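Take a look at the structure below.
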Amino acid sequence: MRVDLRSDTVTKPTPEMRRAMAEAEVGDDVFGEDPTVNRLQEMAAEMLGHDAALFVPSGTMANEIAIKVWTQPGDAILVDAESHILHYELAGPAVLSGVLVEPYPIERGQIDPGEIERRMRVADDHTPGTTLLCLENTHNRCGGTILPLDQCRALCECAHRYGLRVHLDGARLFNAAVALGVSPQAWTRHVDSAFFALSKGLCCPVGSVLVGSQEFIREAHRVRKLFGGGMRQVGVLAAAGIVALQTMVDRLVEDHRRARRLAEAIASLPGFEVDLETVQTNIVYVHTARPAREIEQQLAAQGVLTIALDPHRLRLVTHHDVDDAAIEYAIRMFQQIG
Ligand SMILES: *Cc1c(COP(=O)(O)O)cnc(C)c1O
């Protein structure tokens with residue numbers, strides 16, 4: 001048996017998506033003339049409660065476009081110390097936007113607004129001005145944790161009081177929404193821009209959608225072109241996104257239930273520890289007594305694929321292509337190698 005728990009990005013498009021892709025009506029999207037892309041963008045903007053949206057090739061590009069639009073070279077931006085922007089985007093903010101990235105602390109997904117306030121820089125002859133606060137929900141490196149709604153509101157209020165913009169990296173925003181049983185707008189109503197990924201738990205082959213005001217999206221469209229992300233008859237990809245928003249959101253609860261089962265079973269085994277409080281959606285971090293790389297290899301030999309993220313930390317992610325039987329098999333393999 002093969003159980004791929006490395007990431008929810010390994011999900012394959014469903015048969016319904018493939019049909020929609022084959023039949024998609026298309027046009028030149030750089031001219032804004034792809035009707036399927038336009039429909040996806042309208043749906044996304046409405047679901048997140050913003051005026052406009054832009055289909056982009058990746059979540060990384062969505063973040064980097066937002067940073068570019070909201071800043072000038074020499075500005076400072078605040079990102080949390082465990083964020084995707086800081087760890088996995090190749091110093092993109094420095095390279096693409098020329099900004100100083102200042103990390104603020106995050107602990108098990110929790111952020112103290114006081115820490116944001118302490119790091120706020122007011123521009124003068126010596127100091128770059130802070131112009132953007134970035135948030136992440138759910139939080140990848142913290143274990144798929146949900147940004148608490150009251151914290152999101154307090155952080156945005158604080159940022160706006162100082163004249164900062166707020167961008168939300170919501171690669172797994174729908175996981176957070178489904179887990180709490182609320183609309184994604186519970187978070188996005190407070191922020192100036194946000195994106196969600198179609199290519200993770202929602203199973204699309206490619207794509208993310210960035211949302212914001214008309215003015216923000218107009219500028220984002222230019223920056224997307226600058227970054228080489230202007231695509232042409234891309235309705236063939238957007239078609240899968242429409243199916244995803246219609247059919248793949250509510251089922252994310254299944255992924256969360258399976259992550260919980262996996263986490264609780266592994267937590268009870270010697271040699272492994274799981275912080276069960278952080279298992280809130282579809283990601284499970286396992287702390288390993290032995291080197292994580294060794295466990296990763298032993299599991300892989302049994303067909304269970306994971307990622308050793310840190311020397312003693314394994315990441316497991318549940319998704320559409322992992323069913324109950326696969327979860328039980330993975331648990332048996334953890335028991336066997338433990
Ligand atoms: C995956 C991810 C991204 C980037 O998405 P890509 O489409 O892989 O570029 C950004 N932020 C978070 C939190 C992610 O998990």
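Ligands are counted one by one from 1 in listed order, and the atoms in each one are counted from 1 as well. Just so you know, these numbers use all the heavy atoms, side chains as well, and skip hydrogens, waters and symmetry mates. The structure presented is a predicted model; accordingly, all values stated were derived computationally and were not measured.
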With the criterion set at N/O pairs under 3.5 Å, what does the list of contacts between the protein and ligand 1 look like, atom names and distances included?
residue, atom, partner, partner atom, Å
ligand 1, 7 (O), G59, N, 2.8
ligand 1, 9 (O), G59, N, 3.3
ligand 1, 9 (O), T60, N, 2.9
ligand 1, 9 (O), T60, OG1, 2.6
ligand 1, 11 (N), D169, OD1, 3.1
ligand 1, 11 (N), D169, OD2, 2.6
ligand 1, 15 (O), N140, ND2, 3.0
ligand 1, 15 (O), R172, NH1, 2.9
ligand 1, 15 (O), K200, NZ, 2.7

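When only modelled atom types and interatomic distance are considered, W70 and T131 share no side-chain donor-acceptor pair under 3.5 Å. Counting only N and O atoms by type, the side chains of D275 and H287 include no donor and acceptor under 3.5 Å apart.
When hydrophobic side chains of Ile, Leu, Val, Met, Phe, Trp and Tyr are connected at separations under 4.5 Å, L305 ends up as a singleton with no cluster partners.
For R222, the CZ atom counts as loosely surrounded, since its 6.0 Å shell holds 12 or fewer non-hydrogen atoms of other residues, nucleotides or ligands.
Annotation: ring pair (Phe, Tyr, Trp, His ring centres under 6.0 Å) contacts involving residues 288-338, sequence neighbours excluded, comprise F272-F334.
Not counting sequence neighbours, the partners of A263 by the side chain to side chain contact (heavy atoms under 4.5 Å, CB included) test are V274, L276, V279, V284.
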